[in-house]
Amino acid sequence: MLKNTKFFPRQVMKKNSFYITTTIPYVNADPHIGHALEFVQSDAIARYQRLLGNEVFFSTGTDEHGQKIFEAAEKAGEEIKAYVDHYSEEFRKLPRALSISNDTFVRTTSDHHKGAAQEMWKRCEAAGDIYKKSYNGKYCVGCESFKTEKDLEENGQCALHLNLKIKILEEENYFFRFSKYQDKLLEYLSKPEVILPEWRREEAINFVKGGLEDFSISREKARLSWGVPVPGDDNQVMYVWFDALTNYISTLGWPEDKEGNFKKFWQNGEVVQTAGKDQVRFQSIMWQAMLMSADIKNTDRVVYHGFITAGEQKMSKSLGNVINPFALVEEYGTDALRYFLLGEISSFEDSPFTMERFKEAYNAGLANGLGNLTSRILTLSEKYLEKCPELPEKSIPQEFFDILETFDIKKAADFVWDKIQTLDKRIQNEEPFKIVKVDEEKGKKIINELVIELYIIARMLNPLLPETNEKLKKLIRENKKPETSLFPRKD
């Protein structure tokens, strides 16, 4: 059961433009199922917003600078530009494999993005929030960030990258006046709608109340040349987080905004970012402070999901325990993976993944559930109905919309599968396949009702299983049973 999650109805915003963006993954290895989770969850929300009739801009992309990527390319013995081009293309394949409806794919190595990052720097500098000093600190290459003692485990290692050694770095670079924005950040975080779930907002508030230290936003070019050049200083490149966070507005065309997308979707629209639970500090605190400094509207809401786990550990590239989403799609199909990620993985908490659990969910929810129900109903309708019944277009239950307003996609999927089970039980209890043989009119009436209920289910699949949504609606309108099972059982 979801704890302390508040519901903020659409009427509060009263906006017709909706912007949603994922975080942008590092291109230092192949995509894994953790990336697929965030892509699919974000896509479900984007599709839901379009279903409401809102104009949607949905962005994702790749983060291509920083020490971690530089070292990965060096280790692989590859020229770094060729290295990031290769992995960026691998990530570009993921939205296609998962039927993701993104409107753009941003790359932080693009000329436009680099110019936007430099403009963000200039605006923060003009606000008096950037200064230069020497610094000595503990640095995690995996996180691409400096760590304080409270950030580290008892053994001195980063909790998220136990297999990497903490480095001691000493150099002169630029800092952002993070501490200046403590009060403004607490004011921003005081609004319940800015973070979901609620306990992540509490986490952010506690972090800010604990005191903010100015953070480094550049690196010496002599040590790390792979980054966006600092304006006015050829000896420094931007810290990867300062560069990468700007993607959320550069992808909209900021700062020039030639097509008006920044004004329409960021300034005048509802802005939602999705991110993993380890991103609270970066997305809801650092990024928001940067926006305040640059005098740009803050994000309306950041929605944080948990990790997909393998046993007791987070599934991650650095730990080498990842699952390949492309292999699952190839064997089971796009909507099978979407079903598991949206219907079996918590929207906000950690959830385990095993192939046994995946196969069990596939057979129970899709093969024996939706697939079997579709076959039973459409076999009856093709045999006993002359044509498809009149279908109601405005038929999605309000409760389904209300659930999606809370961003609890798993709960929305559960709602749909409860309808599937209820419809299946009706067939078992009323036995229309028997009634139609002795009372044709009564039997046809029941079959008509079953087809309409199946159509309503198909419509609710729009944000969840888009391919199945289209396929099922087509079969219903044509009054045809599927030639083969929508989801063949897997042993």
Side-chain angles (χ1 to χ4, degrees), residues 15-27 31 35-65 81 84-120 228 240-276 279 282-283 287 290-291 294 296-297 299-303 325 334 338 463 466:
K15 295 171 182 172
N16 297 318
S17 299
F18 184 88
Y19 173 57
I20 186 165
T21 175
T22 69
T23 52
I24 52 173
Y26 277 121
V27 290
H35 300 120
L37 172 66
E38 190 169 309
F39 281 28
V40 169
Q41 286 182 338
S42 303
D43 183 65
I45 296 301
R47 289 178 182 274
Y48 160 62
Q49 290 293 328
R50 295 190 191 100
L51 201 58
L52 291 178
N54 290 330
E55 190 173 359
V56 174
F57 194 101
F58 176 18
S59 179
T60 188
T62 45
D63 181 358
E64 303 176 24
H65 289 126
K81 185 62 168 65
V84 298
D85 285 348
H86 166 76
Y87 279 110
S88 181
E89 182 56 35
E90 291 304 301
F91 275 96
R92 195 182 287 270
K93 291 175 184 176
L94 191 59
R96 295 196 288 264
L98 297 172
S99 293
I100 304 300
S101 59
N102 56 301
D103 297 286
T104 188
F105 188 95
V106 63
R107 294 186 61 182
T108 59
T109 52
S110 72
D111 289 339
H112 174 78
H113 172 79
K114 287 187 281 189
Q118 290 176 324
E119 178 63 22
M120 175 62 79
V228 178
V240 64
W241 279 101
F242 193 96
D243 151 26
L245 288 167
T246 306
N247 94 88
Y248 301 124
I249 55 177
S250 73
T251 190
L252 291 168
W254 185 85
E256 300 89 353
D257 199 26
K258 293 177 182 178
E259 297 179 9
N261 285 327
F262 175 72
K263 181 179 181 180
K264 178 188 289 186
F265 292 101
W266 190 278
Q267 290 183 314
N268 299 330
E270 180 179 353
V271 176
V272 172
Q273 296 178 216
T274 61
Q279 294 281 309
F282 299 103
Q283 308 298 334
W287 171 229
M290 287 168 59
L291 289 168
I296 297 171
K297 168 193 160 182
T299 306
D300 291 311
R301 180 176 297 139
V302 185
V303 183
T334 294
R338 287 181 68 108

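- Atom CZ in F18 sits 13.5 Å away from atom CZ in F57 (nearest 0.5 Å).
- H113 contributes a side-chain N or O that, together with a main-chain N or O of D243, makes up a donor-acceptor pair within less than 3.5 Å.
- For residues 91-115, the salt bridge (charged side-chain N to carboxylate O under 4.0 Å, His left out) pairs, not counting sequence neighbours, are R50-D103, E64-R107, D85-R107, E89-R92, E89-R96, E90-K93, D111-K114.
- The distance from the CG atom of L252 to the NZ atom of K263 is 14.5 Å, given to the nearest 0.5 Å.
- For the residue pair S59 and V106, the shortest heavy atom distance occurs at OG-CG1, 4.3 Å.
- Atom OH of Y19 and atom OG1 of T251 lie 5.5 Å apart (nearest 0.5 Å).
- When the ring-ring contact (aromatic ring centres under 6.0 Å, His included) test is applied to Y248, the partners found at least two apart in sequence or on another chain are W287.
- The aromatic rings of W241 and Y26 sit perpendicular to each other, their planes meeting at more than 60°, with 30° as the lower class boundary.
- Counting all heavy atoms, side chain and backbone alike, P463 lies closest to Y48 at CB-N, 4.0 Å.
- A donor-acceptor contact shorter than 3.5 Å links the side chain of T334 to the backbone of A97.
- Minimum interatomic distance between D300 and G269 (heavy atoms only, all atoms of both residues): OD2-O, 3.4 Å.
- Taking a cutoff of 4.0 Å between a charged side-chain nitrogen and a carboxylate oxygen, E270 and R301 qualify as a salt bridge.
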Legend entry - D43/L98 under side-chain contact (heavy atoms from CB on, under 4.5 Å): CA gap, chis, key distance, verdict: CA-CA 9 Å; D43 183 65; L98 297 172; over 6 Å; no
